[in-house]
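What's counted below: heavy atoms across the whole structure, side chains too, no hydrogens, waters or symmetry copies. Order of the sequence lines fixes the chain letters, A, B, ..., with proteins taken first and strands second; residue numbering starts at 1 for each chain.
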Amino acid sequence: MFDVDVWQEIFSTIKKNKLRTFLTGFSVAWGIFMLMILLGSGNGLQNGVKEQFADNSVNIMWMWTGETTLPYHGLKEGRPIKFKNDDYTYLTEKSEDLEQVSSRFYLPGNIMYTYKNEYGSFETSSCHPALLEMEKVNIVAGRFINDMDITDFRKVIVIGDNIKKALFKDEDPMGKYIKLNNVPFKVVGLCFDKKRQNERTAYIPVSTAQRIFNGADRVHTFAVTTKMVKTTEEAEAITERVRQSMALRHNFDPKDTRAMGSFNMLAEYIRTMKIFQAIKIFVWIIGIGTLIAGIVGVSNIMLILVKERTREIGIRKALGATPASVIGLVLLESVLITTVAGYTGLVIGVSIMEGINYILEQMLASGGADGMFFRNPTVDFTTAVASTLILVISGAIAGYLPARKAATVKPIEALRDE
Amino acid sequence: MIQISDLHKSYTMGSNSLHVLKGLNLEIDEGEFVSIMGSSGSGKSTLLNILGILDDYDQGTYHLGGKLIQGLNETRAALTRNEMIGFIFQSFNLISFKNAMENVALPLYYQKVSRKKRNLIALEYLDRLGLKEWAHHLPNEMSGGQKQRVAIARALISKPKIILADEPTGALDSTTSFEVMDILKEINDQGKTVIIVTHEHDIAAMTKKIIRLKDGVIEEVIKNGELQLFKDRIRTE
């Protein structure tokens, strides 16, 4: 089947009908090209939105407290609810829905950072070591807060790139001491965020923060990661269970969203991804529809070709060509046309999307693409392989009817002299 | 070589059935040089198609080289054709985009002979027919006689048991016709069975046995000794 002769014959018929072969191939190339553009755009949108989620773990959940607005068990509304350190212990040890927990104590007032003659006011985030993963803090030098820092109430600090630039200029900050309201903290790590969001933030151990800034065992917010679940319903059920357990501990109505506020990222994430799945299916349907038009075109042309080659096929059959070899000849030609044309469409489509991606990356690097909902609009490897498979299969489908017709050519009729 | 007994064949055309061969009996031995004659409608084309396993028959038996040829599926029929029969056609039926050598080598392609080997064998056969210099020419660059010689080489290359020629000289002028007949005679002299279908008396007269068909049966068989008589008869006709 993969004999040089077969290819020689295919190429000679193609050569004789250049324009027709081109037009046929074009319809397939166009189909695949459109499929690639559509899929790439779909991916781009999806990646853009994913990027919005990328600042944190997708399964992150925040909890904060306020005043009750609903009466509960005989207690009046308007009571303040406060998280404590034993809530942290409860969440880490007792709650089965959660994986990691980090508490945060808000430092009172405006904290002044000083180093030698430089000073400034920055955001201070007190935390547990788990926050590193949850908020995807990008450490470029040194380390993040660790467990020893928490248990030993160490006065250590991890600073963002902006703080380093403001206080240290070109000096290496590692191991130096920064004063926070006159309390010296040793710099143990440096973080850098390419999206420039957390660069004015410094991280200190939550235990140290509570002790130094008179926090006792007060916790203002929790950041937790929940179990990875597949559906919005499951994610919302987790929120509900966590709320209920906290309501039980602090005596408030679980429905009271002002007493305790919460936001579960995972539920939002799953909801958004579902929308994109629907878009993706829609895109595939349109793309494959375009492709089918191409396949019908190829099939049509091959039927005409078989009719024109009736005599040749008759000769071959008289000389001993089996039906299988005749089918192979026609089928292979159609697979060749669709594959070559389709591959061309694939390459052009992918190139365009890669080009757009390149421009987008350039814009992003220069900071001009903030909040862009379109990122990396490229087609992944699996899709490319799937498309190639679709091409070969569609070539075979396109060739099947004509091939069957060719196989039934009767040598007597084909060879009859008119 | 060929035994046919009580062969029937009819074609259905719409609601009409056309009975073409009506109980034909025929025997051809190995090494014979036979021509089949008959006016149009006598059934000679139908007989040729059945002999060449290009068509099936309704009733009777057909043995080729001792094998019963009956109800073969397309693949079996194709393989048997390739192995047993060499075809020569009136209009040569060469494949236009293949050169002489490739055309000759085609039957061997269907025997799965490697490209190199079959092209070598094809050259050998072309050389035998005096066409070695034309091996790389396309059919449309050759004269009718040359094309028919290429077709003869193609018919011979698979070493078939019989050569079936359908009006082999029908498209050629008389000089070339005689050349082609000489080649066929030579092939026959080497022991190959050659069967020609023709309506030209002078061509038929060059064979060793003439079978005349009329209305789907054999009207007359003229053998060696009587051939001279037949030749005389044509002259007077």
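Heavy atoms closer than 4.5 Å to chain B are found in the backbone of A/A407, but not in its side chain. Neither the backbone nor the side chain of B/T80 comes within contact range of chain A; no heavy atom of the residue lies under 4.5 Å from a heavy atom of that chain.
Against chain A, the residues from residues 134-160 of chain B that qualify, each with a non-hydrogen atom under 4.5 angstrom away, are B/R154 in number order. Residues of residues 52-63 of chain B placed with any heavy atom under 4.5 Å of a heavy atom in chain A are listed by number as B/L54, B/D55. Interface with chain A: from residues 66-76 of chain B, residues B/E74, B/T75 qualify, criterion being any non-hydrogen pair under 4.5 Å.
The closest donor-acceptor contact from the side chain of A/S299 to the backbone of A/A398 lies under 3.5 Å. A donor-acceptor pair is defined here as one N or O able to donate and one able to accept, closer than 3.5 Å; such a pair exists between the side chain of B/N82 and the backbone of A/L319. Side chain of A/N300 to backbone of A/V296: no donor-acceptor contact under 3.5 angstrom is found. Proximity of a side-chain donor or acceptor of A/K317 to a complementary backbone N or O of A/P411 within less than 3.5 Å is not detected. In this structure a side-chain-to-backbone donor-acceptor pair under 3.5 Å is present from B/R118 to B/V113. Checking side-chain atoms of A/S334 against main-chain N and O of A/G395 turns up a donor-acceptor pair under 3.5 Å.
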Query raised in the report: How far apart are the C-alpha atoms of B/I121 and B/K116, what are their side-chain angles, what is the distance that settles it, and do they pass the side-chain contact (heavy atoms from CB on, under 4.5 Å) test?
Result: CA-CA 9 Å; B/I121 300 171; B/K116 222 176 185 175; over 6 Å; no

Requested in this report: Given side-chain contact (heavy atoms from CB on, under 4.5 Å), test B/H201 with B/M37 step by step and report yes or no.
Outcome: CA-CA 8 Å; B/H201 288 99; B/M37 293 191 71; 3.5 Å; yes

Query raised in the report: Would B/D173 and B/T176 count as a side-chain hydrogen bond (donor to acceptor under 3.5 Å, both in side chains) if you check the C-alpha gap in whole Å, the side-chain angles of each, and the deciding distance to 0.1 Å?
Result: CA-CA 6 Å; B/D173 62 52; B/T176 332; 2.5 Å; yes

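In this structure, NZ in A/K405 is found 8.0 Å from OG1 in A/T310, a value given to the nearest 0.5 Å.
Qualifying side-chain contact (heavy atoms from CB on, under 4.5 Å) partners for A/I37, counting only residues two or more places apart in sequence or in other chains: A/F33, A/S41, A/I352, A/M353.
Tested against A/V335, the residues A/I397, A/V340, A/V392, A/V330 include a single side chain to side chain contact (heavy atoms under 4.5 Å, CB included) partner, A/V392. Of the residues B/D166, B/I36, B/L184, the one that meets the side chain to side chain contact (heavy atoms under 4.5 Å, CB included) test with B/I196 is B/L184.
Counting heavy-atom pairs closer than 4.5 Å to chain B, the top residue among A/S325, A/A324, A/A318 is A/A318.
Contact of the A/T322 side chain with the B/L79 side chain is registered, since non-hydrogen atoms from C-beta on lie closer than 4.5 Å.
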